[in-house]
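Notes to accompany the following structure.
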Amino acid sequence: MDFATMMAKRRSCRAYQDKPVSREDLLKIVEAGRLTPSGCNAQPWKFIVVDEPEAKEKLCDALVVMDGKTGAPWRFQVPAFVVLVETPAVVKPMVEEYYGHTQRFAQGDVGAAMMNMCHQAMELGLGTCAIGMSDQAKMQQYFGIPAGCEVRMALAVGYSAETHEAPKIRKSLEEICSFNQW
Ligand SMILES: Cc1cc2nc3c(=O)[nH]c(=O)nc-3n(C[C@H](O)[C@H](O)[C@H](O)COP(=O)(O)O)c2cc1C
């Protein structure tokens, strides 16, 4: 599949077949994250693959916030997840000096890693969906994530049980792009 087709065809998947994802494929997906560029090459991330029943149960619990709200009511059918954790970045001194902290690029870096994972998964015939909201305290408790690190999203991975016929809903090119000025 060429790149433009891949961009046009990738969709978030919210219904999955009852079929496991191999560790080999999960590691290929993580490798796509590992190779992602990052500000100052800081690689401010840790990727936790969650594919065992007990760990998945805990993750599904941590994907609920406030009093029972979740972005992923469909989460229990997902065969595997990659939890993307933002870690403290070591950046060039001038970056820290200018912005006053080290994490200026880190969220973008983690987001880029996630998208590379999505497209690698797609090449492997797998569907994905980012899940943005999570209970940080539970994430830390369940997965031993140290203080100073923040879960940015969990990426659901599995064989899709969906078909997407409708076109993607996106702002028009005119609305989001201009040349040489705002
Ligand atoms: C950071 C981020 C967080 C997201 N969180 C959720 C979520 O909690 N639940 C969900 O169903 N989709 C979630 N999505 C998927 C978006 O809703 C989806 O990407 C968007 O509607 C565009 O649709 P598409 O991915 O099919 O092109 C998230 C996407 C991103 C990038």
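The shown structure was predicted, so the numbers you read here are calculated from the model rather than taken from an experiment. In listed order, ligands and their atoms are each counted from 1. Each residue takes its place number in the sequence, starting with 1.
At least one protein heavy atom sits closer than 4.0 Å to atom 6 (C) of ligand 1.
When non-hydrogen atoms are compared, ligand 1 lies under 4.0 Å from neither the backbone nor the side chain of M133. Only side-chain heavy atoms of R170 come within less than 4.0 Å of ligand 1; its backbone N, CA, C and O stay farther off.
The distance from ligand 1 to the heavy atoms of W74 drops below 4.0 Å at these ligand atoms: 11 (O). Each of the atoms 10 (C), 11 (O), 12 (N) of ligand 1 lies under 4.0 Å from some heavy atom of C129.
Below 30°, between 30° and 60°, or above 60°: for Y99 and F105 the angle between ring planes is above 60°, a perpendicular geometry.
Between the side chain of Q77 and the backbone N or O of Y16 there is at least one donor-acceptor pair closer than 3.5 Å. Distance alone, capped at 3.5 Å, places no donor-acceptor pair between the Q120 side chain and the E31 backbone.
In this structure, R10 has a heavy atom closer than 4.0 Å to ligand 1. Residue contacts with ligand 1: A72 is excluded, as none of its non-hydrogen atoms falls under 4.0 Å.
Contact detail for N116 and P37: the closest heavy-atom pair is ND2-CD, 4.5 Å.
Between the side chains of Q103 and E86, a donor-acceptor pair is found at a separation under 3.5 Å. In the model, D18 has no side-chain atom that pairs as donor or acceptor with a side-chain atom of Y159 under 3.5 Å. Side-chain contact of Q43 with N41: a donor-acceptor pair under 3.5 Å is present, judged by distance alone.
Scanning the protein heavy atoms around atom 9 (N) of ligand 1, the nearest turns out to be G71 O, 2.7 Å. Shortest contact from atom 31 (C) of ligand 1 to any protein heavy atom: M114 CE, 3.9 Å. From the protein, the heavy atom lying nearest to atom 1 (C) of ligand 1 is M153 CE, 4.0 Å.
The number of heavy atoms from other shown groups lying within 6.0 Å of CE (M115) is above 12.
Considering each of S12, A166, A154, G132, the one bringing a non-hydrogen atom nearest atom 15 (C) of ligand 1 is S12. Atom 10 (C) of ligand 1 has its nearest heavy-atom neighbour, among R14, M7, E162, in R14.
At least one N or O atom of A130, backbone or side chain, sits closer than 3.5 Å to an N or O atom of ligand 1.
By the side-chain hydrogen bond (donor to acceptor under 3.5 Å, both in side chains) test, K69 is found to be paired with D67, residues two or more places apart in sequence or in another chain being considered.
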